[in-house]
Amino acid sequence: MKLYLNDTSPFSRAVVATALLTQNTSLSFEWVDPWASPNELVDVNPFCLIPTLVTSEGIALSESLCICQHLIEVSRSQELIPIDYQSIDQVNQLGFAKTLMEIAFRSAALKRYTEESNELIARGEKGMSLALVRLNEQLSATCIDSYLLPTLANLYLHIALDYVQFRHNTIFSDIKNDNIVEFMQRSSFTEVLSVIDL
């Protein structure tokens with residue numbers, strides 16, 4: 001299987017972490033710059049998005065969450081627990097984490113193509129700030145335990161927070177973030193994510 005990825009993409013990082021946690025040894029990495037629209041990537045994914053996983057059957061899977069869920073299902077590893085879609089808490093955590101990751105990425109990407117702030121960037125930055133404040137409140141001592149389970153939702157949350165800290169450090173630092181920092185230090189994924197650091 002071949003995985004097309006980029007070294008600063010949080011979505012690629014989620015797939016690589018999932019591959020490591022599920023002990024998937026059949027992946028080869030193809031590092032690409034999706035912004036350059038390389039023909040090799042366009043051939044397997046006309047949207048020219050990463051990550052894209054080409055399976056041994058020659059089928060191209062796109063969308064990081066779908067790829068991660070596939071890798072978990074085919075491995076049955078205990079290192080990473082799939083989402084229980086009947087658990088409203090897990091679905092809520094995954095939705096929050098994936099949206100935070102997407103907004104953080106989109107806000108950073110938009111800055112590549114505009115010299116001024118625009119409405120989408122401003123809305124994204126305001127949303128990230130409010131979301132982080134609410135998350136910090138949720139991650140109280142009594143609630144943090146559910147965030148420390150090795151679930152796909154918590155992996156996405158940890159990667160999203162790392163990306164916000166990496167690309168939007170002012171937003172991350174300007175809020176009260178003590179509980180978020182504790183989560184990132186105690187996370188089940190601290191070790192594996194240190195191996196694939198941004």
Side-chain angles (χ1 to χ4, degrees), residues 1-75 77 79-83 93-113 124 128 150-169 171-172 183-184 187-198:
M1 293 193 291
K2 183 182 283 190
L3 178 66
Y4 293 85
L5 71 167
N6 181 275
D7 56 358
T8 59
S9 162
F11 309 102
S12 294
R13 194 172 184 220
V15 173
V16 173
T18 300
L20 289 173
L21 290 164
T22 58
Q23 301 171 2
N24 191 309
T25 57
S26 63
L27 280 183
S28 65
F29 295 156
E30 187 70 35
W31 301 93
V32 294
D33 176 6
W35 301 105
S37 299
N39 289 335
E40 187 178 5
L41 179 58
V42 174
D43 287 346
V44 295
N45 184 339
F47 299 110
C48 202
L49 293 174
I50 51 155
T52 296
L53 175 68
V54 180
T55 68
S56 53
E57 298 85 4
I59 297 170
L61 303 178
S62 59
E63 213 310 301
S64 64
L65 187 55
C66 295
I67 297 170
C68 290
Q69 289 173 320
H70 173 72
L71 292 174
I72 292 170
E73 289 297 322
V74 298
S75 78
S77 169
E79 296 291 317
L80 186 57
I81 302 169
I83 298 301
Q93 285 174 265
L94 179 61
F96 176 90
K98 184 76 165 53
T99 303
L100 178 62
M101 187 183 291
E102 289 174 353
I103 295 296
F105 180 81
R106 182 179 68 193
S107 297
L110 283 171
K111 290 179 180 178
R112 289 177 63 128
Y113 296 102
M128 279 187 280
T151 67
L152 185 59
N154 291 334
L155 174 63
Y156 263 82
L157 180 61
H158 192 149
I159 292 171
L161 291 168
D162 274 349
Y163 191 77
V164 171
Q165 192 174 25
F166 174 61
R167 290 288 191 203
H168 307 280
N169 190 261
I171 293 171
F172 187 86
F183 160 73
M184 294 169 76
S187 164
S188 303
F189 306 111
T190 302
E191 187 175 332
V192 73
L193 291 179
S194 71
V195 175
I196 44 176
D197 195 0
L198 288 168

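At a threshold of 4.5 Å between non-hydrogen side-chain atoms, the residues Ser187 and Asn154 do not count as touching. Counting heavy atoms from C-beta on, the side chains of Asn6 and Trp31 never come closer than 4.5 Å. In this structure the side chain of Ser64 reaches within 4.5 angstrom of the side chain of Lys98, judged on heavy atoms.
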For residues 54-62, please give each side-chain donor-acceptor pair under 3.5 Å, one per line with the distance, not counting sequence neighbours.
{"from": "Thr55", "atom 1": "OG1", "to": "Glu57", "atom 2": "N", "distance (Å)": "3.3"}
{"from": "Thr55", "atom 1": "OG1", "to": "Glu57", "atom 2": "OE1", "distance (Å)": "2.9"}
{"from": "Thr55", "atom 1": "OG1", "to": "Ile59", "atom 2": "N", "distance (Å)": "3.1"}
{"from": "Thr55", "atom 1": "OG1", "to": "Ile59", "atom 2": "O", "distance (Å)": "3.3"}

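One N or O on the side chain of Tyr156 and one on the backbone of Leu65 form a donor-acceptor pair closer than 3.5 Å. In this structure, Arg13 contributes its side chain and Ile196 its backbone to a donor-acceptor pair below 3.5 Å. Between the Ser107 side chain and the Ala104 main chain, no donor and acceptor come within less than 3.5 Å of each other. Within the 3.5 Å criterion, the main-chain N or O of Ile72 finds a donor-acceptor partner in the side chain of Ser75.
Phe172 and Gln165 make their closest contact through CE2-NE2, 3.5 Å (heavy atoms, listed as atom of the first residue, atom of the second, distance). Taking both residues in full, the closest heavy atoms of Leu41 and Tyr4 are given as CD1-CB, 3.9 Å, listed atom of the first, atom of the second, then distance. Heavy-atom minimum distance, Ala153 versus Ala97: O-CB, 3.9 Å. Here the closest non-hydrogen pair linking Tyr163 and Thr8 is CE1-O, 3.4 Å. Of all heavy-atom pairs spanning Ile159 and Pro10, the tightest one is CG2-O, 3.5 Å. The two residues Val42 and Ser37 make their nearest non-hydrogen contact at CG2-O, 3.9 Å.
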Using side chain to side chain contact (heavy atoms under 4.5 Å, CB included), reason through Thr190 and Met184 one step at a time and then give a plain yes or no. CA-CA 7 Å; Thr190 302; Met184 294 169 76; over 6 Å; no
CA sep, side-chain torsions, deciding dist, call: Val16, Leu3, side chain to side chain contact (heavy atoms under 4.5 Å, CB included): CA-CA 9 Å; Val16 173; Leu3 178 66; 4.1 Å; yes
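Here the CG atom belonging to Leu155 is positioned 10.0 Å from the CG atom belonging to Leu94, to the nearest 0.5 angstrom. Atom-to-atom distance recorded for Leu157:CG and Leu100:CG is 7.0 Å, nearest 0.5 angstrom. Note that OG of Ser12 and CG of Leu49 are 10.5 Å apart. Values are rounded to the nearest 0.5 Å. Rounding to the nearest 0.5 Å places CG of Leu21 at 10.0 Å from CD of Glu191. Here Ser194 contributes atom OG and Phe189 contributes atom CZ; the two are 13.5 Å apart, rounded to the nearest 0.5 Å. A distance of 6.0 Å separates NE2 of His70 from CE of Met1, quoted to the nearest 0.5 Å.
The residue from Val15, Leu27, Val44 that alone fulfils the side-chain contact (heavy atoms from CB on, under 4.5 Å) condition with Leu53 is Leu27. Exactly one residue among Thr18, Val192, Thr151, Leu71 makes a side-chain contact (heavy atoms from CB on, under 4.5 Å) with Leu80. That residue is Thr18.
Note on residues 7-28: pairs passing ring-ring contact (aromatic ring centres under 6.0 Å, His included), not counting sequence neighbours, are Phe11-Phe105.
Environment of CZ in Phe29: crowded, with over 12 heavy atoms of neighbouring residues, nucleotides or ligands closer than 6.0 Å.
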